[in-house]
Number of protein chains: 2
Amino acid sequence: MQEAIESREGRGRSRPRPASIRDVARLAGVSHQTVSRVLNGHPSIRDVTKARVLAAMDELQFRPSRAARMLSMRRSETIGVLAAAVGSHYGPASSVSAVEDAARERGYYATVAHLASVAPGAISAAIEDLLSQDVEGIVIVAPRTTVLSRLAALPMNVPIVAAQGEHRGTGGIPVASVNQEAGVRLLLGYLIGQGHKRILHVAGPPDWNDAQSRLRAYKAELSAAGLSWSPPLFGDWTADSGFEIGRALVQQAGRSSRADLPFTAVFSSNDQMALGLIHAFRAAGLDVPRDVSIVGFDDIPESAHFWPPLTTVRQDFSQLGARCVTMLIDAIRRLEDPDALPAEALAAAPVEPQLVIRDSVAPV
Amino acid sequence: MQEAIESREGRGRSRPRPASIRDVARLAGVSHQTVSRVLNGHPSIRDVTKARVLAAMDELQFRPSRAARMLSMRRSETIGVLAAAVGSHYGPASSVSAVEDAARERGYYATVAHLASVAPGAISAAIEDLLSQDVEGIVIVAPRTTVLSRLAALPMNVPIVAAQGEHRGTGGIPVASVNQEAGVRLLLGYLIGQGHKRILHVAGPPDWNDAQSRLRAYKAELSAAGLSWSPPLFGDWTADSGFEIGRALVQQAGRSSRADLPFTAVFSSNDQMALGLIHAFRAAGLDVPRDVSIVGFDDIPESAHFWPPLTTVRQDFSQLGARCVTMLIDAIRRLEDPDALPAEALAAAPVEPQLVIRDSVAPV
DNA sequence: CAGGCGATTGTTACCGGTAACATTCGTCTC
DNA sequence: GAGACGAATGTTACCGGTAACAATCGCCTG
């Protein structure tokens with residue numbers, strides 16, 4: 001026995017070839033197909049047979065080869081994730097993890113491609129990379145209009161779903177999203193309720209869908225409330241950019257006294273930029289919220305400990321990720337069997353955000 | 001033509017089978033092996049032939065099947081990443097991305113398994129998941145002693161490398177790391193240089209390798225400087241936990257005046273907890289850095305905009321990730337050909353961290 | 001008791017690549 | 001001009017699973 005094993009494993013040089021179902025079959029005294037049946041839980045297998053096969057598998061430390069399964073089933077059971085500039089962004093990063101987890105839960109593997117730039121070359125390279133892994137579908141995270149429109153132009157024969165984007169203008173790519181309008185409404189409603197009338201908006205980069213929705217909602221809400229809105233300032237989501245914008249703001253207001261500021265509150269498109277803004281204001285001798293009120297968006301785990309703790313809106317990214325995966329898998333199923341599911345699954349209800357009131361807003 | 005394509009694609013029901021190398025071969029009038037050669041850049045192919053094959057590939061929109069390649073080469077060209085509790089942790093999350101990118105650069109695919117808990121079951125399930133994908137090696141990110149020691153006990157026949165852990169006590173798993181001792185020395189040296197003598201340490205969870213190294217280095221540095229150290233307080237890396245600890249600290253000091261505090265500075269094991277500490281101190285009427293100085297670790301992008309901007313130490317996670325991948329791939333190569341590479345690659349020099357001085361420390 | 005049927009198992013082919021070896025052909029050498 | 005050799009290409013087998021169909025067996029039905 002000892003000897004047999006040693007000789008099977010060879011000595012040193014070449015690694016032992018892992019056991020295949022035929023090896024198991026031989027040891028169990030059945031056909032390889034029977035082994036395959038045991039593997040897949042086929043109903044018509046006698047218990048004794050199954051037990052023998054299982055024992056053989058165990059003895060040989062059998063592990064099915066994914067490659068072989070993929071090849072013969074012509075399915076990879078893998079979905080791809082295209083992540084744009086996830087590095088320092090809390091939301092997108094959370095969404096990616098959520099997608100990975102949700103996929104695993106649904107029996108799929110997930111593989112992610114990071115996008116360093118939005119150059120057409122980089123995008124198609126990333127897609128190419130995913131496709132070369134035979135992914136059955138792709139989830140786009142952190143959608144920017146640039147990415148989405150370029151994607152729509154690419155020849156693709158697998159289903160695609162975007163996380164957190166506009167329903168319009170995505171070139172027909174289905175989208176799962178957190179309700180941005182509702183989030184903005186919550187924030188602005190609160191601000192207005194506290195008496196604020198001149199509310200500035202620091203937006204995210206114009207080509208990000210989220211930034212666009214929030215900006216649009218900002219305008220719409222203020223208009224609806226009979227207030228006027230000022231042209232937004234654009235940051236790049238980082239605290240650094242928020243800081244720069246804040247500095248420019250106080251500089252251009254001249255003296256750093258509350259009366260000089262042409263606004264009483266600023267709505268930042270995410271929490272990090274809000275942090276930068278607060279920093280800039282305070283550095284200029286202004287107090288938040290006494291002199292300026294600030295609200296953010298996302299509710300990153302640190303927001304509660306900003307100074308002052310930030311009033312913001314919470315997005316449930318894991319729910320978002322799960323929803324994307326559901327939609328994508330439905331789409332994949334529909335490819336196999338066109339009338340398997342009602343197409344209305346495409347119009348998933350948006351995830352609802354939640355207002356988190358802390359101390360960065362003062363009544364006016 | 002039109003017709004031919006339509007009939008090849010069928011109508012509705014069954015998707016067209018993607019072209020294989022034999023389809024390409026037929027169209028180009030060569031053998032499938034010749035197509036394979038073109039695919040792999042074999043030298044002995046006439047230019048005309050190659051051109052014909054390429055044209056055929058293009059016309060059929062040929063894309064090689066990864067599954068088939070994996071199966072026949074018996075290699076997946078994939079490395080796995082085991083990520084523990086990456087969700088809200090900046091460092092681990094950055095490392096994971098870095099590993100993915102580095103892997104891709106080196107021609108490997110990467111697939112990550114998230115660990116929700118450190119229960120033995122969860123760990124082996126995650127490993128099982130990776131192994132079932134035929135990964136050729138595994139990178140462990142965010143190593144905790146719990147995970148590492150349990151891992152060492154698991155039967156595994158692929159190489160493993162851990163990111164950011166202790167070299168000792170990892171059960172022989174090779175480790176790439178940022179030099180934690182150096183980071184702590186930088187920080188503490190600076191603090192001591194500013195005249196601080198009573199320096200408190202808020203540590204990360206005791207079972208995290210990083211937390212352990214920093215704690216150990218904290219004790220060593222202070223002792224070396226002839227100062228005494230107090231028993232550390234343990235947080236869980238979150239700003240929330242830093243806040244709680246800070247609150248307990250001021251409460252137990254009684255009156256909130258500088259004189260009552262048994263320390264003049266606190267060294268937090270990461271930036272988030274430092275943020276929570278600052279929050280707690282300020283909420284108690286203490287000023288940072290006038291009443292207490294604080295330093296963090298990591299240099300997350302937001303640290304520069306904390307109030308006050310945080311003095312901390314920067315870790316280069318992308319370099320760390322790249323180093324892990326290099327080590328892992330070397331190990332994989334060594335498996336194929338035992339004397340391909342010198343084993344000294346195992347002892348990669350640690351990545352050196354960098355002190356970032358901002359405004360959270362005042363001289364005493 | 002023949003035919004039928006369901007449960008259980010085996011046989012053979014196939015998925016789409018790569019590896020190893022065979023073949024063909026032109027050219028160079030002696 | 002025959003043999004050698006290298007370049008270019010073809011043939012066949014194999015990787016480790018699954019699918020489709022066949023075969024065997026026991027028992028039920030008419």
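The shown structure was predicted, so the numbers you read here are calculated from the model rather than taken from an experiment. Order of the sequence lines sets the chain letters (A, B, ...), proteins ahead of strands, with each chain counted from 1.
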Self-check item: Nearest listed nucleotide, side chain of F62(A), among dT18(C), dG17(D), dG17(C)
Solution: dG17(D)
Quiz item: Does any donor atom in the side chain of T78(B) or R66(B) lie under 3.5 Å from an acceptor atom in the other side chain?
Solution: yes
Practice problem: For R75(B), answer base if it contacts any base atom (sugar-phosphate contacts may also be present), sugar-phosphate if it contacts only those atoms, and nothing otherwise; contact means non-hydrogen atoms under 4.0 Å. | Solution: nothing
Practice problem: Find which nucleotide of DNA chain C each of S20(B) and V48(A) is nearest to by heavy atoms, and output the residue with the more 5' nucleotide. | Solution: V48(A)
Quiz item: If you take atom types as modelled and just measure distance, does the side chain of R22(A) reach the base of dG17(D) with a donor-acceptor pair under 3.5 Å?
Solution: yes
Quiz item: Do R37(B) and dG10(D) have a side chain to base donor-acceptor pair shorter than 3.5 Å?
Solution: yes
Quiz item: Is S65(B) near enough to dC15(C) that one of its side-chain N or O atoms lies under 4.0 angstrom from OP1 or OP2?
Solution: no
Quiz item: If you check every side-chain atom of I21(A), which of dT9(C), dT18(D), dA20(C) has the closest atom?
Solution: dT18(D)
Quiz item: Which nucleotide, dT9(D), dT18(C), dG16(D), lies nearest any side-chain atom of L39(B)?
Solution: dT18(C)
Exercise. Verify the distance criterion only: is there a donor paired with an acceptor across the side chains of T34(B) and S31(B) at less than 3.5 Å?
Key: yes
Quiz item: If you check the S44(B) side chain, which of dG10(D), dA7(C), dA8(D) turns out closest?
Solution: dA8(D)
Quiz item: Do H32(A) and dT9(C) share a donor-acceptor pair, side chain to base, under 3.5 Å?
Solution: no
Quiz item: Just by distance, with hydrogens left out, do S124(B) and R150(B) show a side-chain donor and acceptor under 3.5 Å apart?
Solution: no
Quiz item: With respect to the phosphate group of dT18(C), does any side-chain polar atom (N or O) of S36(B) fall under 4.0 Å of OP1 or OP2?
Solution: yes
Exercise. Establish whether the base of dT9(D) is bridged to the side chain of H42(B) by a donor-acceptor pair shorter than 3.5 Å.
Key: no
Self-check item: Residue whose nearest DNA chain D nucleotide is more 5′ - P43(B) or A68(B)
Solution: P43(B)
Quiz item: Where the side chain of M73(B) is defined as all heavy atoms beyond and including C-beta, which of dT18(C), dA8(D), dG16(D) is the nearest nucleotide?
Solution: dT18(C)
Quiz item: Any donor-acceptor pair under 3.5 Å linking the side chain of S76(B) with the backbone of D134(B)?
Solution: yes
Quiz item: So, is R69(A) near the phosphate of dT18(D), with a side-chain N or O under 4.0 Å from OP1 or OP2?
Solution: yes
Exercise. Scan L71(B) against the nucleic acid and name what it touches under 4.0 Å (heavy atoms): base, sugar-phosphate only, or nothing.
Key: base
Self-check item: D23(A) bridged to R26(A) by N-O distance under 4.0 Å
Solution: yes
